[in-house]
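Every heavy atom of this structure was used, including side-chain atoms; hydrogens, water molecules and symmetry mates were not.
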Amino acid sequence: MTDLTLRDLSSRLGRVAALKAAAKERILILDGSWGVMFQKKKLTEADYRAERFANFDGQMKGNNDILCLTRPDLVAELHDAYFSAGADISETNTFSGTTIAQADYRLGEQDVWDINLEGARIGRQVADRWNAENPDRPKFIAGSIGPLNVMLSMSSDVNDPGARKVTFDQVYQAYRQQVDALYQGGVDLFLIETITDTLNCKAAIKAILDWRDEGHEELPIWISGTITDRSGRTLSGQTAEAFWNSIKHAKPFAVGFNCALGADLMRPHIAEMARIADTLVAAYPNAGLPNAMGEYDEEPHETGHALHEWAKDGLVNILGGCCGTTPDHIRHVADEVRGVAPRAIPERPKAMRLAGLEPFELA
């Protein structure tokens with residue numbers, strides 16, 4: 001890589017170009033679970049509070065996003081650990097970084113803004129250091145935009161099908177704030193992930209597209225849904241193809257699935273997405289299914305072998321890990337797919353493709 005390209009990695013436009021170029025050359029690697037790694041640290045309430053929240057009335061322990069403000073050293077350490085394991089892309093520690101999700105901890109707008117801004121800044125600083133030292137293998141930061149604890153598609157009251165705890169506008173505004181803060185902090189792309197409710201996802205998409213229309217840089221959008229069980233549907237009831245039809249208007253950089261399932265149960269849904277999506281396909285399954293204690297027993301070499309099979313069969317362009325996966329899991333995945341060609345993006349015939357819970361196509 002030339003000196004000119006190295007200088008280009010200092011600009012967001014250059015990094016986006018480098019990301020797209022890398023995706024054509026190889027299967028990209030995403031990081032793994034953050035929650036399991038924080039659990040291994042055995043953090044105390046004091047770690048979550050620090051000085052800023054020392055007098056906060058209520059429990060803060062378990063709010064991992066707040067560690068961007070109270071233990072930024074640990075957040076930076078995890079970015080480093082996953083980059084060292086072979087990840088090309090690392091997520092910001094902002095999975096629950098919306099005013100709606102953080103209302104459970106009674107945090108206000110400024111605290112939520114700061115979580116996203118600092119989460120992005122921490123990741124940016126770590127990635128920039130890696131890029132300065134290893135410009136031939138650029139590292140990228142994805143702004144994590146997670147699901148909410150409320151759903152727009154499903155009632156919050158079994159006795160009232162129309163009941164909702166939030167409106168579309170409220171969800172949109174929550175995501176709009178998160179998108180702006182992540183951008184200000186320096187992310188290279190947006191990752192709308194662990195989507196159980198497609199309507200919530202549409203609010204996040206609209207927040208990004210409106211923000212872009214106001215003159216901001218166009219950053220890649222990665223959309224990752226969640227097939228919740230063996231039914232092969234999202235929690236809001238859509239099949240894989242219906243989900244794709246619902247969100248393809250966003251022209252995402254990548255689409256796929258994460259969470260809920262291990263590699264064996266997720267494979268058929270990723271195979272379906274690989275068949276229908278005319279963009280990159282990404283997947284980051286859990287380390288198997290949880291045991292009776294809620295822990296994940298799948299060994300790193302098992303995850304690596306399973307995802308090697310996906311890569312060998314031409315199903316994926318990006319791979320990583322979700323719940324239960326550690327830097328060692330990611331290291332095995334990266335080793336197993338090194339040198340395997342990324343999935344070829346198919347050209348599909350033009351047609352009107354619609355979706356409710358099921359897909360509908362009119363040629």
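Classified by interplanar angle (parallel below 30°, tilted 30° to 60°, perpendicular above 60°), the ring pair Y82/W34 is tilted.
The neighbour count for E214 CD, taken as heavy atoms of other residues, nucleotides or ligands under 6.0 Å away, is above 12. Other residues, nucleotides and ligands place more than 12 heavy atoms under 6.0 Å from the CG atom of D73.
Under a 4.5 Å side-chain heavy-atom criterion applied to ILVMFWY residues, the cluster that includes W222 comprises L19, L28, L30, I89, F140, L189, L191, F253, L280, Y284, I318, I345 as well. Chaining together hydrophobic side chains whose heavy atoms lie under 4.5 Å apart places F360 alongside M352, L354, L362. Under the 4.5 angstrom side-chain criterion for Ile, Leu, Val, Met, Phe, Trp and Tyr, the cluster partners of M154 are M151, L235.
Distance check: L307 CG to H329 NE2 gives 10.0 Å after rounding to the nearest 0.5 Å. Atoms CG and OG, from N63 and S96 in turn, are 7.0 Å apart once rounded to the nearest 0.5 Å. Annotation: the span from H301 atom NE2 to H308 atom NE2 amounts to 14.5 Å, rounded to 0.5 Å.
Here the closest non-hydrogen pair linking A311 and V337 is CB-CG1, 3.8 Å. Across every non-hydrogen atom of A87 and K139, the tightest pair is O-NZ, 2.8 Å. Shown here for F243 and M273, the closest heavy-atom pair between the two residues is CD2-CE, 4.1 Å. In terms of heavy atoms, I27 sits closest to P342 at CG1-CA, 3.7 Å. Contact between P285 and A263 at its shortest, heavy atoms only, is CB-N, 3.8 Å.
Salt bridge status for D180 with R176: absent, with no side-chain N to carboxylate O gap under 4.0 Å. A salt bridge between D80 and R129 is present, with a side-chain N of the basic residue lying under 4.0 Å from a carboxylate O of the acidic one.
V187 and L69 fall within the same hydrophobic cluster, where Ile, Leu, Val, Met, Phe, Trp and Tyr residues are linked whenever their side-chain heavy atoms come under 4.5 Å apart, directly or through other members. Under a hydrophobic clustering in which Ile, Leu, Val, Met, Phe, Trp and Tyr are joined whenever their side-chain heavy atoms come within less than 4.5 Å, directly or via other members, L43 and F95 fall into different clusters. With hydrophobic clusters built from ILVMFWY side chains whose heavy atoms lie under 4.5 angstrom apart, F168 shares a cluster with V171. One hydrophobic cluster, built from ILVMFWY side chains closer than 4.5 Å, cannot hold both Y296 and I227; they sit in different ones.
Annotation: cation-pi pair K61/Y48 absent, no NZ/CZ under 6.0 Å from the ring centroid and within 45° of its normal. Geometrically, R137 does not engage F83 in a cation-pi contact, judged by NZ or CZ lying under 6.0 Å from the ring centre and within 45° of the ring axis.
A distance of 6.0 Å or more separates the ring centres of W310 and H305.
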